[in-house]
Amino acid sequence: ACEASSAAELEKVTAASAATLKQATDAHAAATKDANAQHAAALETLTTEHAAALKEATDQIASLKREQASLIDEHDKALAAKDEYYVAAHSGALAAKDEQHRAAVSKQEELLNSKHEAVRASLERRLKEDTEALAKRHAEELARDELEDAAEL
């Protein structure tokens, strides 16, 4: 009878212990499930935040690359404009020098033509004077010859 009561007592304690173990296991499983759900939610939040931050950083990099390309284009355009300005300025200076040279040559031609005209006019005047003097002398000689011929007759 003592053994039977001990066996019943042992079964009771074993059943109580099993119930407590099952309760503890169920509570642990529920806590683990809850912790896993919280962990998954936190991981999802962090992943979403990380993805948003990564997208924002990628967008900023793309924007900076576009801005860099735009600045390079502006710089290239400024350099080209500067080159055009210097070429135009140089061409303008050359054109001005050409115009000065043409003006100087034209003045020299005018001066030379003026001198030629003056020399020609002087030569024509002297030729006319010399021709008139020669014609006068010739006429005087003819008149003398006529007088001498008339005196001889």
Side-chain angles (χ1 to χ4, degrees), residues 1-140:
C2 190
E3 249 182 62
S5 127
S6 253
E9 193 67 30
L10 184 61
E11 255 184 62
K12 221 184 196 182
V13 171
T14 302
S17 180
T20 303
L21 182 61
K22 181 166 181 358
Q23 253 183 346
T25 303
D26 289 347
H28 181 266
T32 301
K33 183 178 177 184
D34 189 41
N36 282 342
Q38 287 178 2
H39 181 262
L43 187 59
E44 179 67 27
T45 300
L46 288 175
T47 301
T48 302
E49 288 173 1
H50 181 264
L54 183 61
K55 182 181 181 336
E56 184 180 338
T58 303
D59 290 348
Q60 284 178 345
I61 289 170
S63 175
L64 289 172
K65 283 183 178 180
R66 286 190 300 274
E67 186 177 343
Q68 180 186 27
S70 175
L71 288 172
I72 288 171
D73 285 347
E74 284 180 32
H75 183 258
D76 290 347
K77 287 177 186 174
L79 285 177
K82 179 181 163 192
D83 288 346
E84 286 177 18
Y85 171 79
Y86 283 123
V87 166
H90 184 67
S91 296
L94 288 177
K97 290 279 186 195
D98 280 351
E99 189 55 38
Q100 286 175 347
H101 179 71
R102 277 192 213 106
V105 167
S106 178
K107 241 182 189 176
Q108 289 296 327
E109 285 177 353
E110 286 176 17
L111 184 60
L112 191 58
N113 287 341
S114 172
K115 285 181 180 181
H116 285 182
E117 184 62 33
V119 167
R120 188 183 63 73
S122 172
L123 288 174
E124 283 179 355
R125 190 174 59 259
R126 283 178 55 195
L127 178 62
K128 182 181 174 189
E129 289 170 357
D130 289 349
T131 303
E132 287 173 356
L134 187 58
K136 184 178 177 184
R137 267 187 264 132
H138 185 63
E140 288 172 355

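- Considering NE2 of H75 and NZ of K82, their distance stands at 8.5 Å, rounded to 0.5 Å.
- In this structure, the separation between CD on E99 and OG on S106 is 9.5 Å, given to the nearest 0.5 Å.
- With values rounded to the nearest 0.5 angstrom, H50 atom NE2 is found 5.5 Å from L54 atom CG.
- Within a 6.0 Å radius of CD in E124, other residues, nucleotides and ligands contribute more than 12 heavy atoms.
- Checked against side-chain contact (heavy atoms from CB on, under 4.5 Å), T45 has the following partners two or more places apart in sequence or in another chain: E49.
- Rounding to the nearest 0.5 angstrom, the gap separating the NE2 atom in H116 from the CG atom in L123 is 11.0 Å.
- Checking E74, R66, Q68 one by one against S70, the side-chain contact (heavy atoms from CB on, under 4.5 Å) holds for a single residue, E74.
- Expressed to the nearest 0.5 Å, how far CG of L64 lies from CG of L71 amounts to 10.0 Å.
- Among R126, R125, E132, the single residue meeting the side-chain contact (heavy atoms from CB on, under 4.5 Å) criterion with K128 is E132.
- Taking a cutoff of 4.0 Å between a charged side-chain nitrogen and a carboxylate oxygen, R120 and E117 qualify as a salt bridge.
- Summarising the geometry, atom CG belonging to D98 is positioned 8.0 Å from atom NE2 belonging to H101; distances are rounded to the nearest 0.5 Å.
- Using a 4.5 Å cut-off on side-chain heavy atoms (C-beta onward), D130 and L134 make no contact.
- For the pair D59 and K55, the salt-bridge criterion is met [side-chain N within less than 4.0 Å of a carboxylate O].
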In residues 13-35, what donor-acceptor pairs under 3.5 Å come from side-chain atoms, sequence neighbours left out?
| from | atom 1 | to | atom 2 | distance (Å) |
| --- | --- | --- | --- | --- |
| T14 | OG1 | L10 | O | 2.7 |
| T20 | OG1 | A16 | O | 2.8 |
| K22 | NZ | D26 | OD2 | 3.1 |
| T25 | OG1 | L21 | O | 2.7 |
| T32 | OG1 | H28 | O | 2.7 |
| D34 | OD2 | Q38 | NE2 | 3.4 |

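- A distance-only check finds no donor-acceptor pair linking the side chain of S122 to the backbone of A118 [under 3.5 Å].
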